[in-house]
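Atoms within each ligand, like the ligands themselves, are counted from 1 in listed order. This structure is a prediction, so every number in the text was calculated from the model and none was measured. Each residue takes its place number in the sequence, starting with 1. FYI, side chains are in, hydrogens and waters are out, and symmetry mates aren't considered; it's all heavy atoms of this structure.
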Amino acid sequence: MRGKIAFEEHIAIKETMEQTRSFATDSVRMNQFDRQILDVGDGRLEIMDKTGIEFAILSLNAPGIQAILDTRQAIDLAKKANDHIAEATARHPDRLGAFAALPMQDPDAAAEELRRCVEQLAFKGALVNGFTQRDRADSAIYYDLPEYRDFWAQVADLDVPFYLHPRMQIPAQAKNYEGHPWLMSAPWGFAVETSIHALRLCGSGLFDDYPTLKICVGHLGENIPFGLWRIDARMRFSPRGYRGKRPLGDYFRKHFHITTSGNFNDPAFKCTLEVLGKDKVYFSADYPFENMEDAAAWYDSTTTVSEQDRLQIGRTNAIRLFRLDLE
Ligand code: GRE
Ligand code: ZN
């Protein structure tokens, strides 16, 4: 299929390069990976052409700004990364868009940076790499906490999507992964970490206060669609500490937008489609952690969707969500 739109597509700047290299790829492919993630021009566009991806929204790699302990440094590096992405996408406005990296260490500064990016640089929203650390390496701060309510008010006011992207659990809080480093990252731990964060947002009453928020989640929903029925079934018996006014599934189905990033697989695709409906599911690749070729080969040929739905999920849903100026 030509004309696909993808929006979990990553770049790095030199300051954030080291963070993901070791668990993103092996030493043999490291040089190629470095080139791919730094490239915001011809190489990337060439693969997009080859795989039928017309438009990609770029974001900073994980954990990015969220792993910086010093708040001032986080604010400065987010600005620098966003200016870099803005420059790159301005050279190809018909092919590339941008998500803001945000210094969540300071909720007011994060809101202000998002406003700058959306209003002055035409960014399409934000992509944040899970919880933020702040001051101490063993800190992990989640965005359902009261200190983020004003931040969310600003996101609602700007009316742009917020992509909640995985990051790895910090070792101090991951005793149960000990001796199994493979288990902590993309194979499983990313989804555990990100799904808990997404469910915390749902259970905090956030969506009662801000009923227009739109949250994007990748990897076909970080396993939540598969578990959603059981969450609500069990909560009828023991809703301890749950602060939403409605069942959790209502919030997830209303506020969450799910992409195929890194999960090119029919059983999971069918489950997500059945739980959320075709209006809330979107194509994405997760380049360069995944190959655009693999993403497109699967998506273009899957018999899970009709040709009409392939176009909707691969393209028109994203045009609507981001109000893109594409046909
Ligand atoms: C991702 O961005 O989703 C990602 C990483 C690192 C390894 C695998 C992966 O940041 O999917
Ligand atoms: Zn990703």
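- Contact of the I65 side chain with the M104 side chain is not registered, since no non-hydrogen atoms from C-beta on lie closer than 4.5 Å.
- Side-chain contact annotation: S284 with E8, donor-acceptor N/O pair under 3.5 Å absent.
- Close approach of ligand 1 to H10 (heavy-atom distance below 4.0 Å) involves ligand atoms 2 (O).
- Rounded to 10°, the angle formed at the Zn ion (ligand 2) by OE2 of E8 and NE2 of H165 is 90°.
- Annotation: side chain of Q73 is not in contact with side chain of L77 (no heavy-atom distance under 4.5 Å).
- Counting only heavy atoms from C-beta outward, the side chains of F7 and C216 approach each other to under 4.5 Å.
- The shortest separation from a heavy atom of H165 to ligand 1 is under 4.0 Å, placing the residue in contact.
- With ligand atoms numbered from 1 in the order given, ligand 1 contributes 3 (O) to contacts under 4.0 Å with heavy atoms of E8.
- Contact annotation for H219 and ligand 1: only side-chain heavy atoms (C-beta onward) come within less than 4.0 Å of the ligand.
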>> Let's go through D159 and K214 carefully: what are the C-alpha distance in whole Å and the side-chain angles of both, what is the deciding distance for salt bridge (charged side-chain N to carboxylate O under 4.0 Å, His left out) to 0.1 Å, and is it a yes or a no?
In response: CA-CA 8 Å; D159 195 23; K214 299 180 193 108; 3.0 Å; yes
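- Judged by distance alone, the side chain of Y251 and the main-chain N or O of L201 form no donor-acceptor pair under 3.5 Å.
- Closest to the Zn ion (ligand 2) among the N, O or S atoms of D286 is OD1.
- Set against the non-hydrogen atoms of F190, the atoms of ligand 1 under 4.0 Å away are 4 (C), 5 (C), 6 (C), 9 (C).
- A salt bridge does not link R72 with D106: every distance from a Lys NZ or Arg NE/NH1/NH2 to an Asp or Glu carboxylate oxygen is 4.0 Å or more.
- Within the coordination shell of the Zn ion (ligand 2), defined by N, O or S atoms under 2.8 Å, H10 is present.
- Within ligand 1, counting atoms from 1 as listed, the ones closer than 4.0 Å to a heavy atom of A186 are 8 (C).
- Within the 4.0 Å heavy-atom criterion, neither part of N61 lies near ligand 1.
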